[in-house]
Amino acid sequence: MANLNNLFDLTKLCNEKNATLVAVSKTKPIEALQKVYNAGQRIFGENKVFEMVEKQEALPKDIKWHFIGHLQRNKVKHIIPFVDLIHGVDSERLAVEINKRAKAIDKNVRILLQMHIATESSKFGFSKEEITALLEDKALQKLENVEICGVMGMATFTDDKQQVAQEFQHLQSIFERLKANYFAEQESFKEISMGMTNDYDLALANGSTMIRVGSAIFGSRN
Ligand SMILES: *Cc1c(COP(=O)(O)O)cnc(C)c1O
C-alpha cells in the first residue's frame, strides 16, 4: 500500500526544488489514492483513459488529473471535461483532436509536447526535427483551445546514470530552444516533465520542473 513517508520526502524535495510532484497512481485501487489524497497530495497521474475516468468520478473533485500515457485520439473526449494536464502529446493529429474536443465545451486544455529522448525506439515522442517543422508552420500554436505548457520525456531504461543524465540534459536543451524560438512571450510554457521513481533525482538535477513518481509512493505494480 501507499508509502506516506516517501510521499512526504518527495513533497519536501519538490518544494525545495520548486518542482511539481505528480503521484502516478495507475493500476492502484481507489482506496490507495484516497489515502494519499488524505495525506495532502492533490495531483495524480494516470495512463489509461477509462481507469482515470472511473477514479475521477469516485474521488474528491479538487484532484488535478494528469494524463501521462499514450493517448488514443478516439478516447480524448472522455477526459477533456476534467483533465488538468495531458503530458504525452506526440502528434499533430492528437493535438488537433484535443483542441476540437476542448473547443466543443469551451475549455482550454493544457498539454505538454512529448519528446523522444531515449535510445529505445519503442518510446513515443517527437524528434527535434518534427517538432521544429510543426512549430515553424504554427501548426500547434494556432490551436486556440490548447495551451502548450512545455515538454515531457522519458529516459532510456538503463542503469547507466550518465546516459540518463545526458538524456535529461538533452530534453532541457530542447525546452530552452523551443522556449526561445517559439514561446518567448508565453509565460505558461515553463514545464519540463521528466523523472520517475528510479531517476527523479537525476531529473531534478538537470532541470526537471515536474516529476512523475509511482512506485516510490504506491508500491510496485504487478
Ligand atoms: C508509470 C509511469 C511513471 C511512474 O513510474 P514509476 O517508476 O512507478 O515511478 C511515470 N511516467 C510515465 C509516463 C509512466 O507511464
Side-chain angles (χ1 to χ4, degrees), residues 1-11 13-14 17 19-29 32-33 35-36 39 41-53 55 63-72 75-76 79 83-91 94 98 110-126 149-161 163-165 167-168 170-172 174-175 191-222:
M1 268 293 242
N3 185 327
L4 297 184
N5 284 330
N6 283 351
L7 174 72
F8 296 141
D9 288 347
L10 285 159
T11 302
L13 178 66
C14 283
K17 301 270 183 187
T20 301
L21 174 63
V22 180
V24 175
S25 47
K26 62 191 187 194
T27 79
K28 298 298 175 182
L33 280 73
K35 195 169 160 198
V36 168
Q41 179 66 21
R42 290 295 178 270
I43 304 177
F44 291 81
E46 290 283 337
N47 71 342
K48 296 271 191 307
V49 165
F50 293 116
E51 184 178 343
M52 184 158 100
V53 168
K55 287 173 174 173
I63 290 179
K64 292 188 163 141
W65 294 97
H66 285 202
F67 193 83
I68 61 166
H70 183 67
L71 180 56
Q72 289 168 281
K75 293 184 185 158
V76 165
I79 65 169
V83 74
D84 181 63
L85 181 64
I86 301 175
H87 288 235
V89 175
D90 61 356
S91 74
L94 177 58
I98 292 168
R110 305 193 309 133
I111 69 166
L112 301 178
L113 304 171
Q114 183 168 357
M115 300 301 306
H116 180 95
I117 54 168
T119 52
E120 295 143 334
S121 58
S122 63
K123 297 261 163 77
F124 296 103
F126 291 112
C149 294
V151 297
M152 177 265 201
M154 286 169 86
T156 302
F157 186 72
T158 172
D159 289 334
D160 184 344
K161 286 187 182 300
Q163 182 181 349
V164 171
E167 291 174 0
F168 287 151
H170 183 209
L171 185 58
Q172 187 183 25
I174 292 171
F175 168 84
E191 304 293 355
I192 306 178
S193 165
M194 60 184 185
M196 323 196 325
T197 293
N198 286 326
D199 54 21
Y200 63 80
D201 47 348
L202 277 178
L204 289 169
N206 289 287
S208 173
T209 67
M210 196 173 261
I211 59 175
R212 311 176 307 267
V213 180
S215 339
I217 298 171
F218 288 99
S220 57
R221 294 175 299 271
N222 298 327

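One-based numbering, in listed order, for ligands and for the atoms of each. Being a predicted model, the structure only gives us computed values, none of them experimental.
- Counting non-hydrogen atoms of neighbouring residues, nucleotides and ligands closer than 6.0 angstrom, the CG atom of D160 exceeds 12 such neighbours.
- A donor-acceptor pair under 3.5 Å links the side-chain atoms of K55 to the main chain of K28, judged by distance alone.
- For ligand 1, the 4.0 Å heavy-atom shell contains residues V24, K26, I68, M152, M154, M196, T197, R212, V213, G214, S215, R221.
- Note: F157 CZ to T119 OG1 = 12.5 Å, rounded to the nearest 0.5 Å.
- None of K64, H66, R42 except one satisfies the side chain to side chain donor-acceptor pair (under 3.5 Å) rule with D84; the exception is H66.
- Counting non-hydrogen atoms of other residues, nucleotides and ligands closer than 6.0 Å to OH of Y200 gives a total of 12 or fewer.
- Between the side chain of R212 and the backbone N or O of M196, no donor-acceptor pair lies under 3.5 Å.
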